[in-house]
Number of protein chains: 2
Amino acid sequence: MADAPTEFLKGTLDLMVLKTLSWAPAHGYGIARWIEQCTDDVLEVAEGSLYPALHKLEDEGLITAEWGITEHNRRAKFYRLTPAGKRKLAASHAYWSRFAGAVSKVLETSPASA
Amino acid sequence: MADAPTEFLKGTLDLMVLKTLSWAPAHGYGIARWIEQCTDDVLEVAEGSLYPALHKLEDEGLITAEWGITEHNRRAKFYRLTPAGKRKLAASHAYWSRFAGAVSKVLETSPASA
DNA sequence: GGTATATACCTCTGACTCCTAGGTAACACA
DNA sequence: TGTGTTACCTAGGAGTCAGAGGTATATACC
C-alpha cells in the first residue's frame, strides 16, 4: 500500500501480533515478515512500530520474552503468549469482528435503507 | 461497546463521515446519530472526535459547509461532499476493504497454512 | 412564566499510537 | 574485505481520539 499504509492500523497491530504468537513463539523480526507475507504485503510492519508494541505487550503481561537462537543461527528474543495474552486475544478478536462488521454496515448501506 | 470503544477507530471515522455524506448533506449531530443507529450502537461517535474531524475534512477540501435549518427548526451546519471528497471516499473505501481483508486473513489463518 | 429535555454547535488538553530516522551487531557469502 | 541479511533498539514528532467543559435555541410540560 503506497497510498495510506497506516490509515487504519490503530490497535490492529497488537491484535495481529498476539494472533501470530498464538501459533508458536516467535521473534520480532519473524512476526513482521510473517504478517507481511500472510497479507501479500498489504500490511507492512514498521520496526519502529513493532518493537515498542512488543515491549508494551510485555509490560502489560500479555507476552513474555526469552533470548534464544534462530534457525539462521542468530540471537533473537522469542516472545510467547501468556494466559492473559490469550484472553486478550480472544476479546480483541471478537471486538474486531464486531467493529469491522459495523464499519461494513455503514459502507454498504444505501440511502434507501436509511 | 463498553470494552474498547476506540480500539480500532483510527481513520475509519473520516471514512464513515464521507460515506454518510455521500447519500445526502447532513449536519454533525445527524451524522453521529445516523452512524450509531446504523450500527446498533456498536460504533459511538464522540462529539470531541467528530467536530474536529469535520473541520479537518473541510480544510482539506473534501467537504463544504453551509448554515441551514434542520427539520427540528434549529440552526445547523450542513456538510456536503465535494468532488475531491467523492474521490477520497472511493479510494478510502477500496483501501478499507483491502485492509480489513488482510487483517481477517491473519486472524483466520491456521498454523498449518503457515 | 419557568423548567427540563433534546437538539446542535464548539474547543482544550491529555493520552495514546504510529512512523521516520537513526543506530548497533553478528552471520553468510563472495 | 565488503555487502547483504538477519536481528535488535530508541528518540522525537506528527497525528488521532475522547473526556470534560462550555454555549445556545426550540419544544414540551407543568
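So that the names make sense, note that chain A is the first sequence line, chain B the second, and so on, each numbered from 1.
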Sugar-phosphate or base contact per nucleotide [nucleotides 23-30 of chain C; S, B, -; heavy atom under 4.0 Å]: ---BB---

Check the distance between [N]'s [atom2] and [X]'s [atom1] and give it to me in whole angstrom.
X	N	atom1	atom2	answer
A/Tyr79	D/dA7	OH	P	13 Å
A/Leu43	C/dT17	CG	P	18 Å
A/Leu50	C/dC19	CG	C1'	12 Å
B/Arg75	D/dT23	CZ	P	16 Å
A/Glu44	C/dC19	CD	P	10 Å
B/Glu36	D/dA18	CD	C1'	13 Å
A/Leu54	D/dT10	CG	P	11 Å
A/Met16	C/dC18	CE	C1'	13 Å

Could you list by number each residue of residues 55-69 of chain A showing a heavy-atom separation from DNA chain C of less than 4.0 Å, or answer none if no residue does? A/Lys56

Heavy atom of residues 25-33 of chain B under 4.0 Å from DNA chain C: which residues? B/His27, B/Gly28, B/Tyr29

Residues two or more places apart in sequence or in another chain: which of them pass salt bridge (Lys or Arg N to Asp or Glu O under 4.0 Å) with A/Glu36?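 With neighbours one apart ignored, the set is A/Arg33.
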
Indicate whether OP1 or OP2 belonging to C/dT17 is found under 4.0 Å from a side-chain N or O atom of A/Ser49. no

Should B/Tyr51 be listed as having a side-chain N or O under 4.0 Å from OP1 or OP2 of C/dC9? yes

Show, in sequence, the C-alpha distance, side-chain angles and deciding distance for A/Asp14 and A/Lys88, and conclude whether the salt bridge (charged side-chain N to carboxylate O under 4.0 Å, His left out) test is met. CA-CA 10 Å; A/Asp14 289 4; A/Lys88 174 70 176 177; over 6 Å; no

Considering residues at least two apart in sequence or located in another chain, which fulfil the ring-ring contact (aromatic ring centres under 6.0 Å, His included) criterion with A/Phe78? A/His27

Please name all residues satisfying ring-ring contact (aromatic ring centres under 6.0 Å, His included) with A/Tyr51, sequence neighbours left out, ordered by chain then number.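 Expected list: none.
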
Choose from C/dC18, C/dA8, C/dC10 the nucleotide whose nearest atom is closest to any side-chain atom of A/Leu13.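 Of C/dC18, C/dA8, C/dC10, C/dC18 is nearest to the side chain of A/Leu13.
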
Please determine, for the side chain of B/Pro52, which listed nucleotide (D/dA7, D/dC9, C/dT11) has the closest atom?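 Looking only at side-chain atoms, B/Pro52 lies closest to C/dT11.
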
Interatomic distance, A/Leu81 atom CG to A/Arg87 atom CZ [nearest 0.5 angstrom]: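 So the CG of A/Leu81 and the CZ of A/Arg87 are separated by 10.5 Å.
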
Using 0.5 Å steps for rounding, measure from the CD atom of B/Glu60 to the OG1 atom of B/Thr82. 10.5 Å

Is there a donor-acceptor pair under 3.5 Å between the side chain of [X] and the backbone N or O of [Y]?
X	Y	result
B/Thr20	B/Ile31	no
A/Ser97	A/His93	yes
A/Arg74	A/His72	yes
B/Lys77	B/Ala65	no

Which heavy atom of A/Leu21 sits nearest a heavy atom of A/Tyr79, and at what distance? CD2-O, 3.4 Å

Identify the heavy atoms of A/Leu50 and A/Ala32 that sit nearest to each other, and give their distance. CD2-CB, 3.9 Å

